[in-house]
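Each chain gets a letter, A, B and so on, in the order its sequence line appears, and its residues count up from 1.
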Amino acid sequence: MEAGTPDLIKLEDLEVGSGLTGRKHVLSLLVENKPGVLARIAGLFARRGFNIDTLTVGPTDDPEISRITLTLDGAVHPIDQVTKQLHKLVNVIKIRDMEPDQTVSREMALFRVQATVESRGEIVQFADIFRAKIVDVSRRSLTIEVTGSNEKIDAFERMIRPHGLIEMARTGEVAITRSRPDS
Amino acid sequence: MFYTRLPMRAADALCEALKAEGVEHVFGIPGGANLPTYDALYDAELIHIQARHEQGAGHAAEGYAKASGRVGVAFATSGPGATNLVTAIADAMMDSVPTVFITGQVRTDLIGTDGFQEADVTGITMPVVKHSFLVTDPRQIPTYIHQAFHIASTGRPGPVLVDVPQDLSRADIEYEPAAGAPHLPGYKPPSEGNIKQIRLAAKALANARRPVIYGGGGIVNANASQEFRDFCLSDRLPVTLTVMGLGAFPAPHEQWLGMLGMHGTRTANYAMDNADLIVAVGARFDDRITRKLAEFAPRAKFVHIDIDPAEISKNVPAHIPIVGDAGDVLPKLTSEYGRLNADPARLEEWWKQIGAWQEEYPLGYEDSEDSEIKPQRMIEALYKVTEGDAIITSDVGQHQMWCAQYYNFSSPRRWINSGGLGTMGFGLPAAIGAKVAKPDDTVVCLAGDGSLIMVCQEFATAAVHDIPVKVFLMNNGYMGMVRQWQELFWDGRYKSVEMGDSPDWVKLAEAFGWTGMRCTDKNEVEDAMQTALQTDGPVLLDVQVTKTENCFPMIPAGAAARDMVG
Ligand SMILES: Cc1cc2nc3c(=O)[nH]c(=O)nc-3n(C[C@H](O)[C@H](O)[C@H](O)COP(=O)(O)OP(=O)(O)OC[C@H]3O[C@@H](n4cnc5c(N)ncnc54)[C@H](O)[C@@H]3O)c2cc1C
Ligand SMILES: Cc1ncc(C[n+]2csc(CCOP(=O)(O)OP(=O)(O)O)c2C)c(N)n1
Ligand SMILES: [Mg+2]
């Protein structure tokens with residue numbers, strides 16, 4: 001480039017995005033396993049007005065590091081701003097915004113459903129179709145364990161609800177990166 | 001390398017660690033839970049300044065840090081001592097002040113039992129600290145102190161709290177002097193800006209016809225005022241600064257537009273409103289600047305240079321983000337821009353427009369016809385007698401804004417105020433801290449009468465420790481800033497803004513062992529200030545100014561820059 005002829009950049013051509021992606025995001029965080037870490041994360045979300053859909057915490061193969069998986073709605077929150085704020089927490093070591101097509105994510109749920117003599121057969125069939133397990137049986141109810149994507153769990157809930165859902169507990173999603181085909 | 005491990009009490013190790021960090025002065029108040037630390041201070045070669053309220057200790061630590069660029073340190077005991085610190089901690093967070101706060105905590109066996117003077121201070125302060133540590137093992141104490149200093153002073157600075165249970169600070173440990181950078185796997189502050197982005201910014205600037213350089217407190221933090229000047233002066237670039245940035249560019253100057261924002265100059269705000277390119281340097285697009293966000297600088301593209309990635313596009317989306325230390329980025333930007341040989345003629349129209357605004361809307365006020373002291377005149381007098389070169393700390397209110405407008409700060413770390421939290425009562429303790437850090441400089445606290453009464457116990461700190469600060473009180477008998485809002489936007493329904501006739505400030509000062517003086521005549525202000533500056537020891541000068549003057553110009557709430565009033 002010659003002096004006196006700055007490369008043309010038209011200011012009009014400079015653009016910015018809205019920051020909203022419009023889809024669900026799964027963030028996988030590696031954090032130091034120290035007291036108060038979860039409180040710092042929860043507090044950050046509360047004071048910045050970010051809404052968490054689900055949040056799970058668990059150990060990793062390194063006892064000094066825990067994994068937190070959280071899901072948020074990218075239509076409501078600028079995910080970029082969320083991750084940058086999270087990065088400012090000194091105990092947060094790494095954040096991964098999981099790419100949907102490169103991620104395996106699972107959730108587990110327990111359902112306790114009313115089960116009469118007449119309905120019991122149908123419920124067991126549903127459970128079979130969803131590869132769910134009956135984990136507890138009483139005269140009037142069945143407790144069923146389902147694992148899968150959260151869409152699958154939503155679908156199971158829709159099927160089972162008409163029978164009389166007594167109680168439900170869901171773990172929230174955990175996620176991990178898919179291995180590449182060659183590795 | 002071999003390090004000697006020295007057996008010692010953890011509280012002594014705490015003091016050793018502070019000394020290893022270069023600490024000379026600490027501010028604080030003792031109590032049950034931090035007695036071991038105070039016992040250690042008995043022997044340590046640290047100078048402890050006993051404040052009269054923990055908030056005062058905290059602001060003094062801030063003033064110390066802002067004046068010197070070094071980390072300020074304050075101590076408090078558990079429970080009420082710690083909660084009294086919270087305002088100062090929040091203040092340091094908002095204004096990014098490098099500070100370390102060390103609180104005593106109840107014994108570990110009492111934690112969680114609502115023990116005497118127990119308060120979960122790490123919990124209470126979590127939203128307002130850069131980081132905090134609760135000590136759970138006495139061996140952590142020196143390590144956490146080193147980590148705290150590292151975190152407080154690097155990247156975007158801020159307050160770090162270390163909460164130390166009483167029993168743990170009494171325990172014996174082996175002290176090992178710290179070696180190298182602390183191990184903090186989740187903490188990597190950025191430093192160098194991306195050169196491609198810097199080049200892009202240079203090109204955008206070279207093609208801009210109506211650029212404005214908008215600088216902030218980050219330049220002062222980065223100690224990059226010289227680099228900032230060099231950049232601005234490498235072409236005829238118009239410059240404005242936030243309240244926090246004042247001094248980063250030498251005012252007055254032909255390229256200086258004045259401060260921007262709510263009480264900024266019309267020229268600076270109109271320039272932002274009409275700019276085609278805004279280069280923000282260490283400034284965070286606070287709502288005092290943007291006002292009505294949807295109508296902020298509608299014609300501009302933004303280059304945003306900041307060390308904190310989360311600031312970029314937080315409030316205003318950046319077209320060219322540059323994450324890095326201003327001290328690293330600015331020289332590169334100057335040289336990249338210089339290589340482009342941008343045509344200065346392209347800015348002529350813009351300067352013509354700016355000149356027209358400057359001519360039409362100079363900063364000004366109507367002086368009194370009698371001897372009444374207009375507040376603006378008081379600031380002009382302050383500027384004159386200090387030759388524009390004192391360290392000025394300020395409280396919060398009209399006086400703060402008038403000082404920002406009329407005292408032409410020409411170098412950094414000379415203007416110490418509470419911008420983000422806007423903490424009334426900041427000025428006096430901050431002045432004490434600043435004077436401790438810079439004993440050879442003239443330190444003046446420009447106080448408001450509503451503000452000063454909130455911290456007046458700190459007169460005793462200055463008197464007893466022989467810290468010769470000068471307090472110039474702008475006494476308008478009102479919490480003037482709120483009175484102004486009630487006058488302008490709440491139909492003059494004045495409620496709880498008068499200060500009444502209490503106290504008699506001269507007597508109050510004297511009661512504390514200060515020299516007290518009063519001035520009520522505009523023709524005597526400068527002489528009175530001169531006398532106050534020449535009088536040994538701490539001096540309070542009660543300057544009685546117009547009671548109901550309004551601070552103008554201003555951008556009302558919910559308005560855009562082009563709709564400034566006054
Ligand atoms: C009564 C009142 C009225 C006010 N009116 C006004 C007004 O009219 N105008 C005005 O400007 N303000 C005004 N303020 C102050 C306002 O509230 C904000 O505090 C101020 O605008 C913020 O200044 P700043 O953007 O420079 O940011 P600061 O709070 O100083 O933040 C510094 C920024 O620089 C970054 N930074 C830190 N270190 C570095 C580094 N090494 N390199 C690069 N970047 C770095 C930080 O990440 C941060 O983003 C007023 C306050 C009060 C109390
Ligand atoms: C601790 C605190 N309480 C309340 C406020 C709200 N406030 C902002 S300015 C102000 C008035 C300040 O009065 P004074 O110190 O006399 O300054 P003046 O505006 O009169 O110059 C008040 C009450 C505040 N900023 N800080
Ligand atoms: Mg007042």
Side-chain angles (χ1 to χ4, degrees), chain A residues 1-21 29-50 60 62 64-68 77-96, chain B residues 120 122-123 126-134 136 147 150-151 155-156 158 160 184-189 199-211 275-277 299-303 308-321 323 336-343:
Chain A
M1 191 181 61
E2 280 169 49
T5 57
D7 275 5
L8 277 184
I9 291 196
K10 288 210 197 108
L11 292 185
E12 305 89 77
D13 295 343
L14 295 171
E15 305 255 359
V16 287
S18 77
L20 297 178
T21 61
L29 280 59
L30 295 180
V31 303
E32 286 184 273
N33 183 11
K34 293 221 164 124
V37 175
L38 193 57
R40 285 179 210 275
I41 291 172
L44 169 66
F45 275 73
R47 81 176 171 274
R48 299 257 173 210
F50 304 145
T60 63
D62 181 343
E64 296 194 355
I65 294 175
S66 306
R67 184 188 302 279
I68 295 181
H77 304 302
I79 298 297
D80 198 37
Q81 178 62 209
V82 175
T83 55
K84 289 193 291 193
Q85 291 293 347
L86 281 169
H87 261 303
K88 284 171 70 164
L89 298 176
V90 171
N91 298 131
V92 173
I93 300 168
K94 199 167 174 187
I95 302 174
R96 192 172 212 148
Chain B
D120 173 12
T122 49
M126 212 167 258
V128 294
V129 292
K130 185 170 174 189
H131 193 54
S132 54
F133 297 94
L134 170 60
T136 55
Q147 294 184 350
H150 182 68
I151 294 169
R156 178 180 185 169
V160 180
L184 292 160
Y187 182 73
K188 305 169 212 78
R199 284 194 187 122
L200 196 59
K203 286 179 193 166
L205 186 57
N207 285 285
R209 296 179 167 269
R210 298 188 310 280
D276 65 353
L277 185 77
R299 298 154 188 86
K301 307 286 175 168
F302 295 93
V303 175
D308 179 357
E311 281 306 331
I312 290 177
S313 302
K314 184 184 77 178
N315 297 337
V316 172
H319 300 80
I320 306 179
V323 176
E336 291 297 331
Y337 180 65
R339 286 174 45 186
L340 300 175
N341 285 335
D343 179 8

Under 4.5 Å from any heavy atom of chain A, what part of Lys301(B) do you find: side chain, backbone, both or neither? side chain

Under 4.5 Å, counting heavy-atom pairs only, tell me which of Gly123(B), Pro317(B), Pro185(B) racks up the most with chain A. Pro185(B)

Proximity of residues 31-38 of chain A to chain B, residues having a non-hydrogen atom under 4.5 angstrom: Glu32(A), Gly36(A)

Does the ring center of His150(B) lie less than 6.0 Å from the ring center of Tyr187(B)? yes

Could you tell me which portion of Ile151(B) (side chain, backbone, both or neither) has an atom closer than 4.5 angstrom to a non-hydrogen atom of chain A? side chain

Which atoms of Thr122(B) are under 4.5 Å from chain A, going by heavy atoms: the side chain, the backbone, both sets, or neither? neither

Given heavy-atom pairs under 4.5 angstrom as the criterion, report whether the side chain, backbone, both or neither of Leu89(A) touches chain B. backbone

Side chain, backbone, both or neither of Arg156(B) within contact of chain A (heavy atoms, under 4.5 Å): side chain

Is there a donor-acceptor pair closer than 3.5 Å between any side-chain N or O of Lys94(A) and the backbone N or O of Leu30(A)? no

Side chains of Phe45(A) and Val82(A): closer than 4.5 Å at any heavy-atom pair? yes

Which bit of Lys130(B) is near chain A, if near means a heavy-atom gap under 4.5 Å: side chain, backbone, both or neither? backbone

Work out which heavy atom in His77(A) is nearest to a heavy atom in Phe50(A); give both atom names and the distance. CE1-CA, 3.5 Å

Below 4.5 Å from any heavy atom of chain B, which atoms of Val90(A) appear? Answer side chain, backbone, both or neither. both

Quick check on Ala300(B) against chain A: is it the side chain, the backbone, both or neither that has a heavy atom closer than 4.5 Å? neither

Sort Arg40(A) into side chain, backbone, both or neither according to what part of it lies under 4.5 angstrom from a heavy atom of chain B. both

